[in-house]
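Because the structure is a prediction, the values reported are computed rather than measured. Note on naming: letters A, B, ... go to the chains in the order of the sequence lines (proteins, then strands), and numbering restarts at 1 for each one.
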2 protein chains.
Amino acid sequence: MRVRAPRSDAYHQLREAIVSGQFHPNERLVEAAVAQRMGVGRTAVRAALVRLDQEGLVTLEPNRGARVRHISDREALEIEEVRGALEGLLARRAAERATADDLQELRQVISEMRERVERGDALGYSELNARFHQLIWTAADHPTAARIAGDLKSQAIRFQYQTALRPGRAQRSLHEHEAIFNALKTHDPDGAEAAMRDHLAEVIDTLRWAIDGLRRGERWLPG
Amino acid sequence: MRVRAPRSDAYHQLREAIVSGQFHPNERLVEAAVAQRMGVGRTAVRAALVRLDQEGLVTLEPNRGARVRHISDREALEIEEVRGALEGLLARRAAERATADDLQELRQVISEMRERVERGDALGYSELNARFHQLIWTAADHPTAARIAGDLKSQAIRFQYQTALRPGRAQRSLHEHEAIFNALKTHDPDGAEAAMRDHLAEVIDTLRWAIDGLRRGERWLPG
DNA sequence: GATGGCTGGATTGTCGACATTATTGACGAT
DNA sequence: ATCGTCAATAATGTCGACAATCCAGCCATC
């Protein structure tokens, strides 16, 4: 088995840079500049841009180059809706086929989440949140749904803080996750899907609120 | 407004060729050959292949070139499951916001479908089926979900005959579509989603059956 | 006969050069 | 001042050539 080149390849490097926010939305990505910055040829950058365009992280206009894709508020909500539908499916499947090991790991994550909430560590909670969902994807064993859900998550990443850091959100989120876990534990597909959909519906509501708030000029971020 | 170049571009041409079955699954796509066939340069073909790879119609292995992606039976089922989830969402939204015009068009399609079923025109029915779903996407006004559902449909196209031409399938399919339409007509989101999910679940069952049948050597296609 | 390395042909990957296309800013006419 | 024209510049799009890689068939060896 061959170990893949760590991350010298342009696609992963550029993808990481975009997802981690090193480029602003709508920022232009000039091929030559990007190529130099990552120490690869322009050819590789071009290929990466095409992929990222198809993936929705970049927009590519003929003869006008590439920009980091700007996700509108409306689109962010759409993305979360689709994620809700997909994660519902994944939760259902996970409830059907989760192994004892899967459940054990999930239990652990839940308990760590509880801890983080108690000490008010919203960022740590957010990481565990991601981990929780990923464990479900693994248990569900449904590559098609998982791949699409992953792509969507990357696109919406810019909005995650607007929900995660909302005061009081973590507590409710924890309850929702516990409900999901309980359904998985008892291998209850309908329950798991319903709990997951409830959860994502809450996220969407929170996001909608946050967006409306921002639009009205409200400021709630620390600092 | 600018009219886009009809289809001289490699991506659309190649995509069309693959979706319409001019290349077999697993067939190798040699860049030079494809380029010549479509009268474009190798560069354009390369770009097209990268896009199609990301889109799931082609697999691209480093240094080993491109092949038409072979969708396994298992994956076809997965794709239909995801489509079910997405189309459920779309149906829900369509029920919420379908205009009188949308409903009028849908009514028309349904009545043509009825006609086709009566005269046993399975292929004509299949076309109307596609049209029906597309009208729902339009009414739902949800670009994100519609785009993804469209991509999935392209991937699974090879399997559509295995359900559509199954004897007796058309009648039941018609009933299911009528149920969906009734829910849309009364602006009943829950009902529309449920009806759509039932419909896709039936499709999946049929597909599962067809696959098992083929595996046992059964032949049911005309000719 | 099976195994393992070698070689030639075919194919993909990359680079640099150049053509094509947008964009910017200056300049002059109205 | 405003608009349109036009040249200068910067970036993208395309091509051909070459390097790197893979693969099939051949041959020597056991």
A/Thr43 and B/Arg46 side chains, donor-acceptor separation under 3.5 Å: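 Result is no, nothing qualifies.
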Within this structure, what is the [atom1]-to-[atom2] distance between [X] and [N], rounded to whole angstrom?
{"X": "B/Leu60", "N": "D/dT21", "atom1": "CG", "atom2": "C1'", "value": "15 Å"}
{"X": "A/Leu49", "N": "D/dT12", "atom1": "CG", "atom2": "C1'", "value": "11 Å"}
{"X": "B/Arg46", "N": "C/dT14", "atom1": "CZ", "atom2": "P", "value": "7 Å"}
{"X": "B/Tyr11", "N": "D/dG13", "atom1": "OH", "atom2": "C1'", "value": "19 Å"}

Residue pairs involving residues 154-165 of chain A (criterion salt bridge (charged side-chain N to carboxylate O under 4.0 Å, His left out); sequence neighbours excluded):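 Non-adjacent pairs meeting salt bridge (charged side-chain N to carboxylate O under 4.0 Å, His left out): zero.
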Any chance you could measure [X], atom [atom1], to [Y], atom [atom2], to the nearest 0.5 Å?
{"X": "A/Lys153", "Y": "A/Trp137", "atom1": "NZ", "atom2": "CH2", "value": "5.5 Å"}
{"X": "A/Leu103", "Y": "A/His187", "atom1": "CG", "atom2": "NE2", "value": "5.5 Å"}
{"X": "B/Asp205", "Y": "B/Glu80", "atom1": "CG", "atom2": "CD", "value": "12.0 Å"}

Please tabulate the protein-to-nucleotide N/O contacts below 3.5 Å involving nucleotides 7-11 of chain C, giving atom names and distances.
| from | atom 1 | to | atom 2 | distance (Å) |
| --- | --- | --- | --- | --- |
| C/dT11 | O3' | B/Arg28 | NH2 | 3.2 |

Those residues that, when tested against A/Phe23, pass ring pair (Phe, Tyr, Trp, His ring centres under 6.0 Å) (two or more places apart):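 Once residues adjacent in sequence are excluded, A/Phe23 has no partner under the ring pair (Phe, Tyr, Trp, His ring centres under 6.0 Å) criterion.
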Counterpart residues, ring pair (Phe, Tyr, Trp, His ring centres under 6.0 Å), relative to B/His199 (two or more places apart):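 Ring pair (Phe, Tyr, Trp, His ring centres under 6.0 Å) list for B/His199, sorted by chain: B/His133, B/His177.
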Please report, to 0.1 Å, the donor-acceptor pairs under 3.5 Å made by any side chain of residues 33-42 of chain A, with sequence neighbours excluded.
| from | atom 1 | to | atom 2 | distance (Å) |
| --- | --- | --- | --- | --- |
| A/Arg42 | NH1 | A/Glu31 | OE1 | 2.8 |

Members of residues 51-58 of chain A that approach DNA chain D, where some heavy atom sits under 4.0 Å away: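 Within residues 51-58 of chain A, no residue comes under 4.0 Å of DNA chain D.
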